[in-house]
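Since the structure comes first, as structure tokens, the remarks are kept for the end.
Each residue takes its place number in the sequence, starting with 1.
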Amino acid sequence: MRIIYIKLLSASAALVALSATPAFAQATRTWVSGVGDDVNPCSRTAPCKTYAGAISKTAAGGEINALDSGGFGAVTITKAITIKADGVTGGVLTSAGTSGITINALSTDRVVLDGLDLEGVGTALNGVNILSARDVVIRNTSIRNFNAAGGNCVKINTTTAIRVTLDDSFLINCQTGVAVLNTNGTGKARIYNTMIHVTAIAGITVTVAGNTADISNTEILATPKALNITAGGVVRSYGNNVLDGTITDLPTPTALQ
């Protein structure tokens with residue numbers, strides 16, 4: 001009887017130990033590191049390795065921070081969130097034919113990308129591909145070499161109203177810098193203090209009446225077109241812009257200088 005009692009006691013202790021093991025709860029602030037691991041809870045002392053690993057452990061409306069420089073991988077964002085790399089390299093190296101960051105959040109969500117470095121190595125499709133959200137802010141971010149056929153540094157193609165703001169960013173060597181493509185005319189882009197250098201299609205493309213792009217303090221060096229405005233799309237200038245390249249379907253291009 002004594003032997004049986006000891007075995008039962010050991011089993012009970014093991015069951016208690018298992019039930020005491022906590023599951024990782026979603027946190028308001030999480031962290032990634034170049035030497036992290038996605039099995040971690042993404043805390044500052046136990047960071048994750050990738051943005052994709054951290055996003056599942058970050059609460060809606062929360063923030064993912066880069067603890068140090070690293071390549072943190074492509075990610076699909078499905079909720080309100082901020083991804084921020086402050087003073088370090090928040091790298092996203094993207095595979096051929098894919099997008100670096102895909103935003104497919106709720107139509108009421110705000111997404112902020114701050115201080116990121118997106119590299120498409122000449123064969124990736126979109127740097128930031130925006131399918132659904134209410135507001136997207138991209139600031140202090142470099143998006144380069146998304147140069148697959150039809151590739152965009154930033155692609156806006158939602159079915160509900162959206163406002164996308166680019167500030168203090170570099171969009172280099174994509175086929176199109178910013179494309180506002182909402183078929184129902186509900187896409188709004190605001191581009192400030194930004195450099196757009198592309199060599200295949202256009203610096204900014206705006207299609208369909210109702211879609212707009214507002215630009216200020218922005219340099220667009222593009223071949224063949226600085227601005228590709230079709231079917232009633234609108235580009236509005238708020239001054240101090242430099243445009244190098246032709247302008248399609250714009251009655252008074254001098255208003256943009």
Side-chain angles (χ1 to χ4, degrees), residues 74-81 94 97-113 118 120 124-138 141 143 146-167 169 171 174-192 194 196 198-216 218 220 222-238 243 245-253 255-256:
V75 62
T76 296
I77 296 172
T78 58
K79 56 190 170 185
I81 204 161
T94 310
T98 64
S99 296
I101 295 179
T102 299
I103 299 174
N104 195 13
L106 296 177
S107 60
T108 54
D109 285 343
R110 171 176 288 173
V111 175
V112 179
L113 308 176
L118 281 66
L125 186 56
N126 300 296
V128 181
N129 185 22
I130 304 170
L131 303 175
S132 180
R134 183 194 68 189
D135 291 297
V136 175
V137 177
I138 303 169
T141 289
I143 305 174
F146 288 85
N147 211 14
N152 307 274
C153 285
V154 178
K155 180 181 180 182
I156 305 163
N157 192 12
T158 71
T159 57
T160 56
I162 189 168
R163 179 175 58 199
V164 178
T165 301
L166 282 91
D167 182 33
S169 293
L171 280 55
C174 303
Q175 295 216 337
T176 297
V178 180
V180 188
L181 305 177
N182 287 27
T183 57
N184 56 2
T186 56
K188 313 294 182 186
R190 297 177 176 178
I191 304 166
Y192 310 125
T194 290
I196 302 174
V198 299
T199 57
I201 298 177
I204 299 173
T205 290
V206 183
T207 64
V208 182
N211 289 340
T212 62
D214 298 338
I215 59 176
S216 178
T218 289
I220 302 174
T223 304
K225 299 173 184 178
L227 304 177
N228 182 27
I229 306 165
T230 62
V234 172
V235 174
R236 298 178 295 203
S237 171
Y238 289 84
L243 304 183
T246 61
I247 299 173
T248 300
D249 195 21
L250 187 69
T252 54
L256 286 161

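Considering every non-hydrogen atom in both I103 and V128, the closest pair reads CD1-CG1, 4.0 Å. Scanning both residues, L113 and I77, for their nearest heavy atoms gives CD2-CD1, 4.0 Å. The two atoms that bring A105 and S132 nearest to each other are O-OG, 2.6 Å, heavy atoms only. Here the closest non-hydrogen pair linking P224 and I201 is CD-O, 3.3 Å. Across L181 and T205, no two heavy atoms sit closer than the pair CD2-CG2, 4.2 Å. The heavy-atom pair separating N152 from F146 by the smallest distance is O-CB, 3.8 Å.
Residue pairs that meet the salt bridge (charged side-chain N to carboxylate O under 4.0 Å, His left out) test with at least one member in residues 177-188, sequence neighbours left out, do not exist here. Residue pairs that meet the side chain to side chain donor-acceptor pair (under 3.5 Å) test with at least one member in residues 97-113, sequence neighbours left out, are S99-N126. Sequence neighbours left out, not one pair with a member in residues 146-160 passes salt bridge (charged side-chain N to carboxylate O under 4.0 Å, His left out). Pairs passing the side chain to side chain donor-acceptor pair (under 3.5 Å) check and including a residue from residues 206-215, sequence neighbours excluded, read D214-R236.
One distance of note links OG1 of T160 with CG of N184; it measures 8.0 Å at 0.5 Å rounding. With values rounded to the nearest 0.5 angstrom, C153 atom SG is found 12.5 Å from N129 atom CG. Distance check, rounded to the nearest 0.5 Å: CG of D167 to OG of S216 gives 10.0 Å.
Counting heavy atoms from C-beta outward, T94 and L118 have side chains that stay 4.5 Å or more apart. For the pair T218 and L166, the minimum side-chain heavy-atom distance is 4.5 Å or more. Side-chain contact between L171 and V198: absent, with no pair of heavy atoms (C-beta onward) separated by less than 4.5 Å. In this structure, the side chains of T176 and N228 stay at 4.5 Å or more apart for every pair of heavy atoms. The shortest side-chain heavy-atom distance between V178 and I156 falls under the 4.5 Å cut-off.
Residues passing the side chain to side chain contact (heavy atoms under 4.5 Å, CB included) test with A213, sequence neighbours excluded: A189, I204, V206, V235. By the side-chain hydrogen bond (donor to acceptor under 3.5 Å, both in side chains) test, T158 is found to be paired with N182, residues two or more places apart in sequence or in another chain being considered. Under the side chain to side chain contact (heavy atoms under 4.5 Å, CB included) criterion, T223 pairs with no residue, sequence neighbours left out. Legend: residues meeting side-chain hydrogen bond (donor to acceptor under 3.5 Å, both in side chains) with R163, ordered by chain and number and at least two apart, are D135.
The backbone N or O of G150 sits less than 3.5 Å from a side-chain atom of Q175, completing a donor-acceptor pair.
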